[in-house]
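Written out below as structure tokens is the structure these notes cover.
Residue numbers start from 1 in every chain, and the chains themselves are labelled A, B, ... in the order their sequence lines are given, proteins ahead of strands. What you see is a predicted model, and the numbers here were worked out from it, not measured in a lab.
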2 protein chains.
Amino acid sequence: MRIGELADRVGTTTRTLRYYESRGLLPARRDGNGYRTYGEDDVRLLQQIRTLQDFGFDLEETRPFVECLRSGHPAGDSCPASVAVYRRKVGELDALIGELTAVRAQVGAQLARAEEAMAGLAADADAAGAPAPRCELGEASDVSEARG
Amino acid sequence: MRIGELADRVGTTTRTLRYYESRGLLPARRDGNGYRTYGEDDVRLLQQIRTLQDFGFDLEETRPFVECLRSGHPAGDSCPASVAVYRRKVGELDALIGELTAVRAQVGAQLARAEEAMAGLAADADAAGAPAPRCELGEASDVSEARG
DNA sequence: GTAAGCGTTGACGTCGGGGTCAAGGCCAGC
DNA sequence: GCTGGCCTTGACCCCGACGTCAACGCTTAC
């Protein structure tokens, strides 16, 4: 199989496959022309890579899985190095989710506070006749009228 | 105040301030030399920017807050455009946390499965005398011994 | 024979937020 | 007047995972 066919079969591009090869992740045999030649094994390697990429693994992190498959294992995660990557990834995900959750809470609190303050300002403006500083409110709602 | 002093006061670098200026986010007045000149207002603008950056806002997303402050509001989030950014960000964070949580569950499940399979293979090897394909196990634990 | 459609390598662009020179201007103190 | 420290602009460098040419070779169908 040549590069275009392999790319089609796993739903990626030839550029991507050449990039993987340049990283030493998916070396290809060459036929007489210098054309890259791939086998069915390579389909499985690539599927492994894409699956992990979809999980957010970066390319280097897929390497143990690929090497595990290439060394004859039925699954890419049958090797300790792969399992170690899983573990590290789970830890990173937990940490990241924790941070994002904390940030979410803070931004949510700021949002609530700002909404309340704006409601208060609007009421003040109603009562006193718009003493608050004016920003370009309304997000392009009535810019022409404001300009004219 | 000149650029170095401002950078020191908010804990950033002159390069960063020039970068912000190049993005139109923090324009500076110039004195006779061509040196950038800043006032106390700019300290507050910068603090607003850094706070939002710490929350993971990208530079463009801080722009409404900065313009809000510059238009005279006491807080950067007193304007509808800023509140809209808050809302969008909360939505993005919720979506991202959801995705990451799903990925975490999947990776966690794969990890558990792989660990169980490896335990099973180890038992098989114990029983039958290592018939499984060998990867370079051990993560540098006993490489010298394996090599010697 | 010639055009389409594959393949090859190499090089540069992308995105964000700056880091890190390089070459030179301005100003203060001694 | 000289040194040191600040300032100026401009330009290239970094990360990851490719996209997008450019310029060329091979193969196949007509």
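- Note on B:E60 versus B:R23: no salt bridge recorded, every NZ/NE/NH1/NH2 to OD/OE distance being 4.0 Å or above.
- Between B:E92 and B:K89 there is a salt bridge, since at least one side-chain N of the basic residue sits less than 4.0 Å from a carboxylate O of the acidic one.
- B:L26 places its CG atom 15 Å from the P atom of C:dG17, with the value rounded to the nearest Å.
- A:R30 and A:E21 are joined by a salt bridge, as a carboxylate oxygen and a charged side-chain nitrogen come within less than 4.0 angstrom of each other.
- Residue B:L25 contributes atom CG, which lies 13 Å from atom C1' of C:dG16 at whole-angstrom precision.
- Atom pair B:D54:CG and C:dG16:P shows a separation of 19 Å (rounding to whole Å applied).
- A salt bridge between B:R104 and B:E99 is absent, with no side-chain N of the basic residue lying under 4.0 Å from a carboxylate O of the acidic one.
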Exercise. Checking side-chain hydrogen bond (donor to acceptor under 3.5 Å, both in side chains) for the pair B:R18/B:T14: CA distance, chi angles, key distance, verdict?
Worked result: CA-CA 6 Å; B:R18 281 192 275 264; B:T14 60; 3.1 Å; yes
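- A:R23 places its CZ atom 11 Å from the C1' atom of D:dC18, with the value rounded to the nearest Å.
- At a cut-off of 3.5 Å, with distance as the only test, a side-chain donor of A:R113 or A:Q110 sits close to an acceptor on the other residue.
- Using a 4.5 Å heavy-atom threshold, the side chains of A:R63 and A:L25 count as touching.
- The side chain of A:T13 contributes an N or O atom lying less than 4.0 Å from OP1 or OP2 of D:dG19.
- The CG atom of A:L17 sits 16 Å away from the C1' atom of C:dT9 (whole-angstrom rounding).
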Under 3.5 Å, N/O pairs linking protein and nucleotides 6-9 of chain D:
residue	atom	partner	partner atom	Å
D:dC7	OP1	B:G4	N	2.7
D:dT8	OP1	B:R36	N	2.7
D:dT8	OP1	B:R36	NH1	2.9
D:dT8	OP2	B:R18	NH1	2.6
D:dT8	OP2	B:R36	NH1	3.3
D:dT8	O5'	B:R36	NH1	3.3
D:dT9	OP1	B:R30	NH1	3.2
D:dT9	OP1	B:R30	NH2	3.1
D:dT9	OP2	B:R36	NH1	2.7
D:dT9	OP2	B:R36	NH2	2.5

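- The two atoms that bring B:F57 and B:E61 nearest to each other are CA-OE1, 3.3 Å, heavy atoms only.
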I'd like a list of close polar pairs between nucleotides 10-17 of chain D and the protein, N/O only, cut-off under 3.5 Å.
residue	atom	partner	partner atom	Å
D:dA17	OP1	A:L59	N	3.0

